[in-house]
Amino acid sequence: MSGQLTFDEYGRPFIIVRDQDRQKRLKGIDAHKSHILAARTVANVLRTSLGPKGLDKMMVNPDGEVTITNDGATILAQMDVQHEIAKLMVQLSKSQDDEIGDGTTGVVVLAGALLEQAESLLDKGLHPIRIANGYEMAARIATKKLDEVAETFPIDIKDTENLIQVAMTSLGSKIVNRFHRQFAKIAVDAVMSVADLETRDVNFELIKVEGKVGGKLEDSQLVHGIIIDKDMSHPQMPKSISDAKIAILTCPFEPPKPKTTHKLDVASAEDFQKLREYEQKTFTEMVKQVKDSGANLAICQWGFDDEANHLLLANELPAVRWVGGPDIELIAIATGGRIVPRFSELSADKLGTAGRVRELQFGTTKDRMLVIEDCKNTKAVTVFIRGGNKMIIDEAKRSLHDAMCVIRNLVRDGRIVYGGGAPEICCSLAVHDEADKVSNLEQYAMRSFADALEAIPMALAENSGLNPIANMTAVKARQVKEGNPFLGIDCLERGTCDMKQQRVIETLIAKKQQINLATQVVKMILKIDDIRAPADQ
């Protein structure tokens, strides 16, 4: 902010701020109201997408591409948000997605509810810093209460039924919920295939998710190997290879070129004939080096022309070309092979091995994909998704990613809470009780925090077609009377509010992260009391 120091007639200094006529400025309570309105608007967009009966949103980008989803992070990432505070809500959802992978809708709804409660406190004359401090105290009480009601979750590779139940909770609100047991099992099997239970870590790079339009969602499957969207380079090459020994090449099947700028003059037919003979000799030598290493399949990162393709076929060496870098790395990990940058370095010990490599063909479109199965390293897996159109496949991929993130979080920290709004109601009661023991002004902010926590079960009930206030108050009264922290909203109308019986399970780490992230963002928003922006914004 540039300005000029000057003095009035009495010698008192004051600053003249430049370009003041071209600046838009909001101060004090007006700035707070503007922030809260922007954040609540974003939260209200996502509110209807919460829970097992939440609705989907259709997003159309400037190019006309359509995305249908109820994943909070995806919706906000594709919204064209202009307001600065609304952008903070988008980043909040992204933080939850990056760190946890699930609960991206709930964290934004909670932040919106906290700001809504803060607005009424500001109207009563409470200072924003006192509100922020009260929220911070309440968040600590809520996370402490979550630690108390959490249960330890046994993880057993041989018996994955419990993990499937957790994945089903995550998938319950997604487009795949008609087959959500099948998808939950795929997610659990994929994560447990690559999980290292000693270090309690999961390497997601070993899980490849591939989709192909056509077929039905229930045709989706987990392949213990690699699927790549390629086919054999020549239609007459064999479609299936047993006991494959794979040469993984990042060098092209073509004569070497000088590294610097080069120019070749062909002055006569003899020169051209010599050049052709040189090329053919180079190709023959390359194919011989691959064959001599014992390989019966070449996978090449680069392409090769028809002459090289013909030579490969003549020498009975099946090949795949234009395989991308990430796929090459996955194939190398799965087959135990080494990526070879030069033909001269190729040897038998650098070859990858697979029990079977086969080509899949789909429908009448002649689309083909290559499956590498029975690999040396079973830790590399591929989830193969089928669906009626690209939008369904994309949403199924997002849903599976959320479910796999939940299972990964359980591998890292095996503690759980029960969902359905039960932990929020339980924490709300705990914060209310503690607020009565606080003697200063922060008690008002703590009670508002407790009321804001109830926005999650209210939204769940509302989205399920139930009376939100009647259901919420009934469950809250039962929690107080029975002392059961597992009572939540019966969204699926199964006849019981006990989420432990319904097996609606969420990870403790995700729930704590939701409360902490929402509180931090709300504190930051409440501390802003002055906005300067160009007048055209």
Side-chain angles (χ1 to χ4, degrees), residues 46 49-54 70-73 93 96-97 99-110 139 142-155 160-174 177 180 183-184 187-188 191 399-428 430 453-461 463-464 475 479 484-492 494 496-518:
L46 292 192
S49 294
L50 191 68
K53 295 190 177 177
N70 74 351
D71 179 60
S93 183
Q96 178 78 8
D97 194 37
E99 188 66 25
I100 302 297
D102 195 28
T104 52
T105 307
V107 71
V108 176
V109 172
L110 179 57
T143 50
K144 185 182 172 188
K145 184 65 179 176
L146 285 174
D147 284 329
E148 290 171 12
V149 301
E151 293 187 353
T152 304
F153 197 78
I155 295 173
T160 57
E161 182 57 35
N162 285 336
L163 291 170
I164 290 171
Q165 296 285 347
V166 180
M168 284 171 71
T169 303
S170 174
L171 293 169
S173 62
K174 309 295 184 186
N177 65 352
H180 72 318
F183 271 80
V188 171
V191 172
S399 306
L400 262 176
H401 177 264
D402 285 2
M404 289 192 293
C405 285
V406 170
I407 304 303
R408 178 199 62 186
N409 294 337
L410 270 179
V411 171
R412 288 180 173 175
D413 183 351
R415 291 176 296 167
I416 53 136
V417 290
Y418 294 93
E424 284 83 3
I425 295 171
C426 173
C427 291
S428 171
L453 281 172
E454 292 171 7
I456 300 285
M458 295 260 280
L460 287 173
N463 293 345
S464 302
V475 171
Q479 274 211 22
N484 182 357
F486 307 140
L487 296 174
I489 305 296
D490 182 17
C491 298
L492 301 174
R494 290 179 177 167
T496 176
C497 289
D498 193 325
M499 296 296 120
K500 192 170 183 177
Q501 288 180 22
Q502 286 203 26
R503 305 300 288 164
V504 179
I505 303 166
E506 293 188 53
T507 56
L508 172 68
I509 189 172
K511 195 57 73 177
K512 284 170 74 174
Q513 185 82 356
Q514 266 190 354
I515 291 173
N516 289 330
L517 277 179

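The analysis underlying the following values was restricted to heavy atoms, covering all of them including side chains, and did not include hydrogens, waters or symmetry mates.
- Taking CD of E148 as the reference point, atom OG1 of T143 lies at 10.0 Å (rounded to 0.5 Å).
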Run the numbers on N70 and T105 for side-chain contact (heavy atoms from CB on, under 4.5 Å), then give the verdict. CA-CA 8 Å; N70 74 351; T105 307; over 6 Å; no
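- Closest non-hydrogen pair, T104 versus V108, comes out as O-CG2, 3.6 Å.
- For D413, the salt bridge (charged side-chain N to carboxylate O under 4.0 Å, His left out) partners are R415, not counting sequence neighbours.
- Sorted by first then second residue, the salt bridge (Lys or Arg N to Asp or Glu O under 4.0 Å) pairs that include residues 401-411, not counting sequence neighbours, are K174-D402.
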Check the pair L487, I425 against side-chain contact (heavy atoms from CB on, under 4.5 Å), reporting the backbone distance first and the verdict last. CA-CA 9 Å; L487 296 174; I425 295 171; over 6 Å; no
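- For S93, the side-chain hydrogen bond (donor to acceptor under 3.5 Å, both in side chains) criterion is met by no residue, not counting sequence neighbours.
- Counting all heavy atoms, side chain and backbone alike, Q479 lies closest to P485 at NE2-O, 3.8 Å.
- By the side-chain hydrogen bond (donor to acceptor under 3.5 Å, both in side chains) test, E506 is found to be paired with K511, residues two or more places apart in sequence or in another chain being considered.
- Legend: residues meeting ring pair (Phe, Tyr, Trp, His ring centres under 6.0 Å) with Y418, ordered by chain and number and at least two apart, are F486.
- Applying the side-chain hydrogen bond (donor to acceptor under 3.5 Å, both in side chains) test to N463 and every residue at least two apart in sequence or in another chain returns nothing.
- In terms of modelled atom types and a separation under 3.5 Å, the side chain of S428 and the main chain of E424 share no donor-acceptor contact.
- The minimum heavy-atom distance linking G420 with L460 is given by the pair C-CD1, 3.6 Å.
- With sequence neighbours excluded, the residues forming a side chain to side chain contact (heavy atoms under 4.5 Å, CB included) with A403 are A167, S170, L171, A187, listed by chain and number.
- Residue A459 comes nearest to L50 through the heavy atom pair CB-CD2, 3.8 Å, listed as atom of the first residue, atom of the second, then distance.
- What you find for I100 and A510 is that their closest heavy atoms are CG2-CB, 3.4 Å.
- Within the model, atoms NZ of K144 and SG of C427 stand 12.5 Å from one another, a figure rounded to the nearest 0.5 Å.
- Put simply, CD on Q501 and CG on D490 are 10.5 Å apart, with the number rounded to the nearest 0.5 Å.
- Separation of atoms CD (Q514) and CD1 (I456) is listed at 6.0 Å; rounding is to 0.5 Å.
- The nearest pair of heavy atoms linking V475 to G488 is CG2-O, 3.5 Å.
- Scored by the side-chain hydrogen bond (donor to acceptor under 3.5 Å, both in side chains) test, Q513 finds no partners at all (sequence neighbours excluded).
- For A518, the side chain to side chain contact (heavy atoms under 4.5 Å, CB included) partners two or more places apart in sequence, or in a different chain, are V107, L110, A111, L114.
- Distance CD1/I407 to CD1/I164: 8.5 Å, rounded to 0.5 Å.
- R412 is linked by a salt bridge (charged side-chain N to carboxylate O under 4.0 Å, His left out) to D201, counting only residues two or more places apart in sequence or in another chain.
- Partners of K53 by side chain to side chain contact (heavy atoms under 4.5 Å, CB included), not counting sequence neighbours, listed by chain and number: S464, L492, E493.
- Proximity of I515 to L146: side-chain heavy atoms (C-beta onward) are separated by under 4.5 Å at one or more points.
- Remark: E151 pairs with K500 by the salt bridge (charged side-chain N to carboxylate O under 4.0 Å, His left out) rule, at least two apart or across chains.
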Give the intermediate values and the outcome of side-chain contact (heavy atoms from CB on, under 4.5 Å) for residues D147 and K512. CA-CA 9 Å; D147 284 329; K512 284 170 74 174; 3.1 Å; yes
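- Rounding to the nearest 0.5 Å gives a distance of 9.5 Å between CG of L46 and CG of D71.
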